Structure formats: C-alpha cells, structure tokens
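Note that the coordinates shown come from a computational prediction; the quantities given were computed from them, not determined experimentally.
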Amino acid sequence: MEKKQQLAELLGIENKKVRIAEIQKDMQSADFWADHVKAAEITQELKQLDDIVTEFELAETPEEIAELEKYTLLSGEYDAEPAIMTISAGSGGTEAQDWAEMLMRMYVRYSEKSGLTATILDISEGEEAGIKSATLEIKGPFAFGYLKAEAGVHRLVRMSPFDADKARHTSFALVQVIPKLKPKTVSIDPKDLRVDVYRAGGKGGQGVNTTDSAVRLTHLPTGLVVAVQNERSQLQNKEIAMAILLSRLELLQKEKNAEQVAFLKGDFREAAWGNQIRSYVLAPYQLIKDHRTGHESPSPQDVLNGDIQDFIEAGLRWMKEAP
C-alpha cells in the first residue's frame with residue numbers, strides 16, 4: 001500500500017477532507033443559500049472533492065490505484081474551473097469551415113460522454129457549410145483541466161465532399177482554451193468598453209432570435225473581443241460575455257510571462273501547415289496521430305464521435321513532463 005500512500009500525498013487527500021468538512025459546515029448555515037450562484041459553485045467544488053476522496057478510499061487493487069493517478073495531472077491552478085473553448089476555421093473556405101464544425105461536434109460529444117456540459121455561446125456560420133468560428137462554455141468536474149491540452153492547431157486530411165473531382169484536401173482549425181475564472185483583481189472602466197448589439201444568427205426555424213439580443217464586448221485598451229448570442233435576453237448575453245472578458249483580463253494580469261498567456265489562450269500558432277498538434281487522416285488511409293505525444297488511433301470515426309479521452313490524458317502527461 002506504499003503506492004497508495006504516495007498517491008494520497010500527491011493528491012492532497014487529507015487537505016481535501018479538511019475542505020470537505022469546512023464546506024459541509026458552511027452548508028448548514030441559512031446564509032449559505034442566500035447567494036444561489038455562489039452556493040452552486042461551492043456545491044460543485046464539494047462534489048469534485050468528494051468524488052476524488054471516495055474514489056481514493058475505495059481503490060484497493062493496483063489497477064484502481066493506477067487509474068487514480070490521472071488526478072495528479074489535474075492539479076493546476078485553474079484545472080477545476082469551467083473551460084471557454086473557441087474553435088476557428090483556418091484558411092480554405094468551405095472545406096476548413098466544415099472541419100471546424102466537425103471539431104465542435106467532437107468536443108460536444110466528448111462532453112456528453114464525460115459527464116460535462118457544453119453550451120454554444122456564440123457561433124459564426126459559413127456561407128455554404130460549416131462554421132467560421134464558435135465559442136463553447138464547458139462545465140463540469142475539471143473541465144479546463146481536461147481540455148487545456150486540446151489548445152492548438154488541428155489538421156484534417158480527407159477526400160473533399162465539396163470537390164466535384166473528389167480530390168484530397170488538407171484543412172486546418174485552431175482550438176483555443178482558457179479557464180473561466182472568478183476575477184478577484186480586475187475591473188473594467190465603462191469608458192474602456194465598447195458594447196455592440198446585433199441579431200443572433202441561425203440556420204432558420206423556430207429557434208431563430210428575431211431581436212437584437214446578441215452582444216459583442218470590445219475592451220479597447222487590450223483589443224480583447226467577446227461575443228455571446230446563446231441566450232434570448234440581451235442582458236443575460238452581456239453578463240456571460242462580461243464574465244468571459246473579465247476572465248481573460250484576469251489571466252493577462254496574473255500571467256506576467258507572455259508565453260504562458262499565449263499558451264492559456266491557445267493562439268500562439270497560426271492555423272496552417274507545420275503548426276498542427278494533431279492530424280486526422282481519413283484518406284488515403286485512416287489514422288489520427290498526436291504529434292506531441294505520438295499517441296495514435298486507427299479509428300477516426302470513434303475519435304470524431306468524442307472518444308478522445310486517451311488523447312487528452314496523453315496530452316496532459318506531455319504537458320506535465322514538458323520543460
């Protein structure tokens with residue numbers, strides 16, 4: 001059981017038990033539930049802590065203990081926070097935009113399979129097919145911790161369904177991932193903020209919003225832009241956009257190292273040849289390969305259907321071992 005004891009120290013099991021006891025005591029107070037938003041956040045924290053401690057205490061076999069080691073990859077400062085993911089099509093028009101939509105679908109399905117919740121906050125659709133960009137909020141246990149290693153350029157090679165000659169095409173899309181924080185040190189002067197409202201987009205049907213409810217916030221000093229159109233209420237969209245903008249500003253302020261900021265934003269590489277972190281080859285053979293870790297899968301359809309946990313854990317190990 002020496003291995004389990006070592007793991008207990010790495011995971012901070014005793015500290016987690018202390019925090020669980022603190023939260024449970026606070027929950028007995030009537031004041032705890034006065035702020036519903038804060039109460040929901042702390043309740044989520046309690047569930048995350050309790051799941052880890054319970055899983056640890058029940059683990060008896062070497063295989064179970066080895067499975068618990070995944071939590072040592074999720075000990076970063078922001079790992080327990082929700083993730084804000086932006087997917088942007090690279091150059092290449094419809095082909096690249098279709099690829100960006102395929103990636104968006106992959107992450108939504110991964111979230112569904114992993115007990116996470118993915119909400120599309122904003123989407124810019126392509127003229128013929130696919131999307132130019134989309135922003136997702138992904139909530140649940142260690143959402144940012146798991147998804148942070150997905151940031152980078154993703155490359156697709158396939159026989160194009162949009163080419164009459166069925167020629168082989170290569171497309172690129174950029175994935176950016178940041179944690180959604182609870183800002184403690186930043187605020188925004190109203191004169192530094194430009195607010196634009198517009199009509200939310202959509203493919204048609206009953207779900208189309210016919211009012212100017214979508215909101216785009218631009219922070220003038222930094223040039224940061226956040227757009228949200230998910231909610232029907234302009235006020236709700238503005239609140240969500242403001243929370244994301246404050247998260248980005250908090251990161252910029254906390255991370256003095258420019259390279260670390262770029263890594264958190266995931267925009268340190270152009271969505272083009274030579275910068276890809278992973279290739280998804282559908283023709284002439286079928287193989288998905290992560291160029292950082294060497295991890296491969298011969299089943300592209302499973303991966304594109306959300307079975308990416310092995311790639312994610314390999315990416316997290318690579319991040320932890322990287323100098």
Atom pair [atom1]/[atom2] of [X] and [Y] - distance to nearest 0.5 Å:
{"X": "Ile120", "Y": "Asn230", "atom1": "CD1", "atom2": "CG", "result": "8.0 Å"}
{"X": "Met102", "Y": "Ser171", "atom1": "CE", "atom2": "OG", "result": "9.0 Å"}
{"X": "Lys70", "Y": "Phe142", "atom1": "NZ", "atom2": "CZ", "result": "9.5 Å"}
{"X": "Lys47", "Y": "Ile23", "atom1": "NZ", "atom2": "CD1", "result": "13.0 Å"}
{"X": "Gln234", "Y": "Ser213", "atom1": "CD", "atom2": "OG", "result": "7.5 Å"}
{"X": "Glu81", "Y": "Lys148", "atom1": "CD", "atom2": "NZ", "result": "12.0 Å"}

Please find the pair of heavy atoms, one from [X] and one from [Y], that lie closest to each other, and give the distance.
{"X": "Lys238", "Y": "Leu217", "value": "O-CD1, 4.2 Å"}
{"X": "Met27", "Y": "Trp33", "value": "O-NE1, 3.2 Å"}
{"X": "Glu69", "Y": "Thr72", "value": "O-OG1, 2.6 Å"}
{"X": "Asp26", "Y": "Phe32", "value": "O-CB, 3.2 Å"}
{"X": "Gln48", "Y": "Gly140", "value": "NE2-O, 3.8 Å"}
{"X": "Ile65", "Y": "Glu60", "value": "CD1-O, 4.2 Å"}

Between [X] and [Y], is there a donor-acceptor pair closer than 3.5 Å when you use the side chain of the first and the backbone of the second?
{"X": "Trp99", "Y": "Gly130", "value": "no"}
{"X": "Thr119", "Y": "Leu121", "value": "no"}
{"X": "Asp79", "Y": "Gly76", "value": "yes"}
{"X": "Ser160", "Y": "Phe162", "value": "yes"}
{"X": "Asn237", "Y": "Val215", "value": "no"}
{"X": "Thr222", "Y": "Leu224", "value": "yes"}
{"X": "Lys4", "Y": "Ala59", "value": "yes"}
{"X": "Asp98", "Y": "Thr94", "value": "no"}
{"X": "Ser233", "Y": "Gln236", "value": "yes"}
{"X": "Ser297", "Y": "Ser299", "value": "yes"}

Salt-bridge present ([X], [Y]; N to O < 4.0 Å):
{"X": "Lys180", "Y": "Glu250", "answer": "no"}
{"X": "Asp307", "Y": "Arg109", "answer": "no"}
{"X": "Glu313", "Y": "Arg317", "answer": "yes"}
{"X": "Lys132", "Y": "Glu125", "answer": "no"}

Q. Just checking, Arg155 and Tyr280: is the charged tip under 6.0 Å from the six-membered ring centre and within 45° of the axis?
A.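 No cation-pi geometry.
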Q) Are side-chain N/O atoms of Gln97 and Glu101 paired as donor and acceptor at under 3.5 Å? A)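 Side chains of Gln97 and Glu101: no pair found under 3.5 Å.
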(Q) Checking side-chain polar atoms at under 3.5 Å, does Tyr110 have a donor or acceptor matched by the opposite partner on Gln309? (A)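 Yes.
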Taking a hydrophobic cluster as the set of Ile, Leu, Val, Met, Phe, Trp and Tyr residues connected by side-chain heavy atoms closer than 4.5 Å, whether directly or through intermediates, do [X] and [Y] fall within one such cluster?
{"X": "Leu287", "Y": "Val157", "result": "yes"}
{"X": "Val228", "Y": "Val197", "result": "yes"}
{"X": "Val18", "Y": "Ile13", "result": "no"}

Is it the case that over 12 heavy atoms from other parts of the model lie below 6.0 angstrom from the [atom1] atom of [X]?
{"X": "Lys113", "atom1": "NZ", "result": "yes"}
{"X": "Glu64", "atom1": "CD", "result": "yes"}
{"X": "Lys16", "atom1": "NZ", "result": "yes"}
{"X": "Arg168", "atom1": "CZ", "result": "no"}

(Q) Go through it in stages, so that I can follow the logic: the residues are Glu150 and Tyr107, the test is side-chain hydrogen bond (donor to acceptor under 3.5 Å, both in side chains), and I'd like the CA-CA distance, side-chain angles, deciding distance and then a yes or no. (A) CA-CA 10 Å; Glu150 291 298 289; Tyr107 289 118; 2.6 Å; yes
Q: Test Lys17 against Glu14 for salt bridge (charged side-chain N to carboxylate O under 4.0 Å, His left out), laying out the working first.
A: CA-CA 5 Å; Lys17 288 181 179 179; Glu14 291 305 316; 3.7 Å; yes
Q.
In the structure I gave you, are the side-chain heavy atoms of Ile240 and Ile244 within less than 4.5 Å of one another anywhere?
A.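 Counting from C-beta outward, Ile240 and Ile244 do come under 4.5 Å.
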Q) Heavy-atom distance under 4.5 Å between the side chains of Ile277 and His291, does that happen here? A)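 Ile277 vs His291: side chains apart.
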Q) Could you walk me through whether His154 and Val175 pass the side chain to side chain contact (heavy atoms under 4.5 Å, CB included) check? A) CA-CA 7 Å; His154 295 245; Val175 175; 3.6 Å; yes
Q | side chain to side chain contact (heavy atoms under 4.5 Å, CB included) between His295 and Arg278, intermediate numbers included | A | CA-CA 9 Å; His295 187 75; Arg278 189 178 303 150; over 6 Å; no
Q: Could you walk me through whether Asp290 and Glu296 pass side chain to side chain contact (heavy atoms under 4.5 Å, CB included), step by step?
A: CA-CA 6 Å; Asp290 194 292; Glu296 298 181 350; over 6 Å; no
Q: Take Arg19 and Glu22 through the salt bridge (charged side-chain N to carboxylate O under 4.0 Å, His left out) test and state the conclusion after the steps.
A: CA-CA 5 Å; Arg19 178 56 181 157; Glu22 290 175 349; 3.4 Å; yes
Q. What's the verdict on side chain to side chain contact (heavy atoms under 4.5 Å, CB included) for Phe56 and Tyr71, showing C-alpha distance, side-chain angles and the deciding distance?
A. CA-CA 10 Å; Phe56 175 82; Tyr71 289 118; over 6 Å; no
